[in-house]
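What follows is one structure encoded as structure tokens, with my remarks underneath.
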Amino acid sequence: GELDPWGATREDTVLTVDNPAPIEVHSKTITGITSGADGVSASTAAVKKLVLNVGTLHITADVIEADSFAQCTLASNTVATHGASTLLHLVINGTPYDASGTPNQTILLPGPFTVTINEQSNPEVNTFAVNALHLRMAGLPGVVGGGWSVARAHTRMWACGLAVGCARPARRGGGGG
């Protein structure tokens with residue numbers, strides 16, 4: 001969630017997630033941490049031991065983590081943002097994938113699925129968002145199309161001195177993303 005603009009740290013952890021089909025999700029640990037103070041805002045979202053089954057898509061990973069940062073430079077009154085993600089032992093439909101660290105690696109899969117690894121964006125001024133794994137799916141019979149982010153970290157600095165962070169380990173969004 002969002003932080004008090006004067007600085008704070010928030011952390012939430014869920015130890016086990018078991019969600020049945022049609023969007024089957026299993027995970028051992030989900031953690032979100034966000035902090036901001038003294039001109040720096042940082043967020044981390046992590047999912048461990050993920051199993052995700054949607055239609056014909058099967059994804060597993062040992063670790064999926066997203067990190068985002070925003071930092072104020074008082075001398076120039078500017079905000080610098082950046083982020084990264086870590087994916088260990090990512091396997092999609094039986095094929096291992098290497099997350100090189102390059103932003104916005106896209107994997108086109110058979111059928112209605114597209115997966116983006118280390119998706120990075122600046123959705124607003126002084127804002128940075130990282131989706132470690134972003135799944136997009138066109139509609140299937142019995143399952144509405146949409147998008148899922150696994151390990152999403154988001155930081156924003158309204159202006160130098162006002163830091164806001166947000167970490168979402170897993171999120172479901174409609175309309176393709």
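All values below come from the heavy atoms of this structure, side chains included, with hydrogens, waters and symmetry mates left out. Please read all numbers here as calculations on a predicted model, not as lab measurements.
Thr127 and Asn122 share no donor-acceptor pair across their side chains, judged by distance under 3.5 Å alone. No side-chain donor-acceptor contact under 3.5 Å links Asn126 and Glu124.
Between the side chain of Asp12 and the backbone N or O of Gly32 there is no donor-acceptor pair closer than 3.5 Å. A distance-only check finds a donor-acceptor pair linking the side chain of Gln120 to the backbone of Gly83 [under 3.5 Å]. Under a 3.5 Å cut-off, the side chain of Asn19 and the backbone N or O of Val25 do not form any donor-acceptor pair. Within the 3.5 Å criterion, the main-chain N or O of His154 finds a donor-acceptor partner in the side chain of Ser43.
Here the shortest heavy-atom pairing between Phe113 and Thr56 reads CE1-OG1, 3.6 Å. Here the closest heavy-atom approach between residue Ser27 and residue Ile30 is recorded as OG-CG1, 3.7 Å. The shortest non-hydrogen separation linking Ala45 to Ala151 is O-CB, 3.5 Å.
Cluster membership for Val14 and Trp148, using ILVMFWY side-chain heavy atoms within less than 4.5 angstrom, is shared. Note on Leu90 and Val47: same hydrophobic cluster, where clusters join Ile, Leu, Val, Met, Phe, Trp and Tyr whose side-chain heavy atoms are under 4.5 Å apart, directly or indirectly. Taken together through direct or relayed side-chain contacts under 4.5 Å among Ile, Leu, Val, Met, Phe, Trp and Tyr, Val63 and Ile59 form parts of separate hydrophobic clusters. Under the 4.5 Å side-chain heavy-atom criterion for Ile, Leu, Val, Met, Phe, Trp and Tyr, Val51 and Ile107 are members of distinct hydrophobic clusters.
Distance NE2/His82 to OG1/Thr155: 8.5 Å, rounded to 0.5 Å. Summarising the geometry, atom CZ belonging to Phe69 is positioned 9.0 Å from atom OG belonging to Ser35; distances are rounded to the nearest 0.5 Å. Atom CD of Glu65 is separated from atom OG1 of Thr86 by 5.5 Å, given to the nearest 0.5 angstrom. The OG1 atom of Thr78 lies 9.5 Å from the CD atom of Gln71; values are rounded to the nearest 0.5 Å. Note that OG of Ser85 is 9.5 Å distant from CD1 of Ile64, once rounded to the nearest 0.5 Å. Between Thr81 atom OG1 and Arg156 atom CZ the span is 12.5 Å, to the nearest 0.5 Å.
The ring-ring contact (aromatic ring centres under 6.0 Å, His included) check on His26 picks up nothing, with sequence neighbours excluded.
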Would Asp62 and Lys49 count as a salt bridge (Lys or Arg N to Asp or Glu O under 4.0 Å) here? Give the steps. CA-CA 4 Å; Asp62 287 343; Lys49 299 295 182 187; 3.3 Å; yes
What do the steps show when you test Arg152 against Ser68 for side chain to side chain donor-acceptor pair (under 3.5 Å), and what is the final call? CA-CA 9 Å; Arg152 174 181 170 78; Ser68 64; over 6 Å; no
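Residues Leu135 and Leu57 form a side-chain contact, since some pair of their non-hydrogen atoms from C-beta on lies under 4.5 Å apart. Using a 4.5 Å heavy-atom threshold, the side chains of Asp67 and Val130 count as separate. Counting only heavy atoms from C-beta outward, the side chains of Leu87 and Tyr97 never approach each other to under 4.5 Å. With contacts defined as side-chain heavy-atom distances shorter than 4.5 Å, the pair Asn118/Thr102 does not qualify. By the 4.5 Å heavy-atom criterion applied to side chains, Thr60 and Leu50 are not counted as neighbours. The shortest distance between side-chain heavy atoms of Ile117 and Leu133 falls below 4.5 Å.
Heavy-atom contacts from other residues, nucleotides or ligands closer than 6.0 Å to NE2 of His89 number 12 or fewer.
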